[in-house]
Amino acid sequence: MSPVLLLLLPALSPALAWIPVEDWESGNVTASVGESGQCLCHVYLPDTTFPADRVEHMQQVSKDLILEVEIQMNKMVSYEGKLEVYLKELKDLTMRVDMMQSSADNYIKLDFELLRIELREFEALVSQLKDSLNSSSPMFDSLYTEIHNMTLIVNQLETFDRSNLEVIRIEFAKLQKKLEECQKDQEFIKPDIGNCNHTGIMSLSKPMVVQLNAHLSSSYQYGGWGKDSKPVRGYESMYYYGGYSSSAVYDFYLYSNYDNLILRSSFQKHHLPNGWEGTGNNYIVHGNSIYYQHNTPFSMSKLNLTSTKYDYRVISAASERFSYSYSENQNLDFAADETGLWVMYASDVSKGKIIIAKIDEKSFGIEDEWNTDAFKQLTGNAFMACGVMYATRSVDLNTEEIFYAFDTKTNEGKHVSIPFQKFQEKYTNLDYNPTDQKLYMYNNGYYVSYNVKFNKE
Ligand SMILES: *[C@@H]1O[C@H](CO)[C@@H](O)[C@H](O)[C@H]1NC(C)=O
Ligand SMILES: *[C@@H]1O[C@H](CO)[C@@H](O)[C@H](O)[C@H]1NC(C)=O
Ligand SMILES: *[C@@H]1O[C@H](CO)[C@@H](O)[C@H](O)[C@H]1NC(C)=O
Ligand SMILES: *[C@@H]1O[C@H](CO)[C@@H](O)[C@H](O)[C@H]1NC(C)=O
Ligand SMILES: *[C@@H]1O[C@H](CO)[C@@H](O)[C@H](O)[C@H]1NC(C)=O
């Protein structure tokens, strides 16, 4: 067995407990029966020597690895309709293989260990996906075999020279193509984007944990991430992130696409200038503008990313006394849905109950308002979808529920109970995005998302 892995296992043991240990320790020969009954065997693990001077680096990377594995484990329980996500992850892997090619030889061995672990996870995920879809599709069978084969290939590498990397790269490319085909096959399960002909939210998927924030800091508990809810041309794939160790809002990072979000490689950083600082982490990006809560004066603020101009509007009724239950200073919560741009706040007159306000984008003024019966301080967070406000609250450490829905079309509010699972207890930002019908949550420093299922009757 590879000495590199021997060193990693003790550090990772809780997180890796689900990987069958005997698979890793059975020496240079393993055998298993593939999906279609074929025998997959003869894995040769080269007896490389581990260089002591890399221990420190290994420890650092193994820390990241623990996180990665935890995240991957979490993903394993939520595979419904996840093909798209697998594909993105695979692209990430492909990119990392490319990077490995150009990186110093020193770190390559560890990267291979990481690849092996991730491939194993892919194998498990595809297998679960197959089960969940009751699919007897030959596409899935061959996908499964290929991922299994990839694991073998990675294991079989005796040296870490360029020619081997080339083999891996080609294999990844093939695998990626397969996944893409598979995804096309599943196109019919894609949500009905933009359609509001339904009676509201029926359920949320299990949480999809993307990763720890771009600062790689679990102390950055306050923040938000997501996609532009009405992207301008050329920025359809853009993601944003902002985070900090307090509820202060002082900078935003923009990523050209999902891959770069994953690689934590932003194409733009906006440091809010003096006088434009914000707070509360309930910002969104809509029409290539960031809408966030402005400190002084207390108001809604807009940073137009196209013109890089700032603007603000005071909502005279809005009170700074009422925040959501998980975090302080969340007085103005921005939201966007199929019908446009919104801000939610509470006032002294409303006695702390949430008021929904529709924002006119052109004038950046409020065009209409609705009073709800949801007490802001008892609410975890709120978002809009198809003109309906949904308010959430805690059920227990692992469970949250949408407990209240207010329809601005009928001017009616009602109590509902739509429970959903949390990755971690607290979150500071929860927003629906009408372009992909997903909820984006910033959950104790992690990027988390949910698929939303609507009640189509
Ligand atoms: C494992 O490989 C070594 C050296 O390559 C060989 O001597 C040994 O017999 C192999 N063990 C098994 C169980 O095949
Ligand atoms: C999958 O198969 C099981 C048992 O055959 C059945 O109960 C279930 O409804 C099926 N699920 C789907 C999504 O077809
Ligand atoms: C997997 O590997 C086996 C043995 O090397 C090979 O016969 C098979 O064609 C491979 N399958 C795929 C789908 O690449
Ligand atoms: C909305 O959905 C219902 C039921 O699925 C259907 O009968 C109706 O024609 C749809 N209306 C529109 C405007 O699409
Ligand atoms: C942002 O600025 C651009 C360029 O000046 C302008 O065309 C666009 O309407 C602005 N968007 C918003 C939401 O203010």
Side-chain angles (χ1 to χ4, degrees), residues 193-194 196 223-242 249-257 260-261 266-318 330-345 355-370 382-387 389 408 429-440 442:
I193 303 295
C196 285
W225 79 292
K227 288 185 82 170
D228 191 329
S229 40
K230 197 185 75 181
V232 297
R233 247 173 113 93
Y235 291 85
E236 290 85 356
S237 309
M238 186 177 82
Y239 284 79
Y240 65 90
Y241 155 71
V249 173
Y250 71 101
D251 55 16
F252 293 105
Y253 296 81
L254 303 176
Y255 304 88
S256 56
N257 54 36
N260 286 324
L261 175 83
S266 61
F267 74 92
Q268 229 173 62
K269 176 187 173 180
H270 288 272
H271 188 92
L272 301 180
N274 247 344
W276 288 103
E277 296 89 348
T279 189
N281 313 100
N282 279 137
Y283 37 77
I284 57 164
V285 176
H286 184 74
N288 214 35
S289 292
I290 301 177
Y291 292 87
Y292 67 97
Q293 179 178 329
H294 186 215
N295 284 350
T296 320
F298 167 56
S299 58
M300 37 182 205
S301 186
K302 170 173 78 171
L303 159 57
N304 184 330
L305 294 167
T306 309
S307 62
T308 66
K309 285 196 175 122
Y310 289 81
D311 199 2
Y312 74 90
R313 293 285 184 281
V314 172
I315 304 176
S316 53
Q330 302 197 313
N331 311 117
L332 304 179
D333 180 6
F334 294 91
D337 65 3
E338 290 79 357
T339 67
L341 184 63
W342 308 82
V343 64
M344 293 166 280
Y345 67 91
I355 295 166
I356 305 168
K358 185 80 193 285
I359 298 173
D360 175 65
E361 281 173 59
K362 267 223 160 75
S363 64
F364 195 22
I366 288 176
E367 60 181 51
D368 208 348
E369 290 198 336
W370 294 262
F383 60 90
M384 299 291 301
C386 285
M389 181 195 82
T408 57
N429 185 307
L430 178 69
D431 274 299
Y432 171 73
N433 192 314
T435 69
D436 55 12
Q437 297 186 335
K438 282 183 192 205
L439 286 181
Y440 290 83
Y442 190 76

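What you are looking at is a predicted structure, and each value in this text was computed from that prediction instead of being measured. Ligands are counted one by one from 1 in listed order, and the atoms in each one are counted from 1 as well.
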Asks: What protein heavy atom sits nearest atom 5 (O) of ligand 5, and how far off is it?
Replies: S307 CB, 3.8 Å
Asks: Regarding Y440 and D436, do their side chains bring together a donor and an acceptor under 3.5 Å, going by distance alone?
Replies: yes
Asks: State whether the shortest distance between N or O atoms of N304 and N or O atoms of ligand 5 falls below 3.5 angstrom.
Replies: yes
Asks: Give a yes/no verdict on a cation-pi contact between K302 and F364, requiring under 6.0 Å between NZ or CZ and the six-membered ring centre and an angle within 45° of the axis.
Replies: yes
Asks: Pull out every atom of ligand 5 sitting under 4.0 Å from any heavy atom of Y291, numbered as shown with elements.
Replies: 13 (C)
Asks: With Q293, which of N281, T279, N331, N282 fulfils side chain to side chain donor-acceptor pair (under 3.5 Å)?
Replies: N331
Asks: Would a search of protein heavy atoms around atom 7 (O) of ligand 5 find one under 4.0 Å away?
Replies: no
Asks: Tell me which protein heavy atom sits closest to atom 13 (C) of ligand 5, plus the residue, atom name and distance to 0.1 Å.
Replies: S289 OG, 3.4 Å
Asks: Is the closest heavy-atom distance from K302 to ligand 5 below 4.0 Å?
Replies: yes
Asks: For the rings on F252 and Y283, is their centre-to-centre separation under 6.0 Å?
Replies: yes
Asks: Is the distance between the ring centroids of W276 and Y310 under 6.0 Å?
Replies: yes
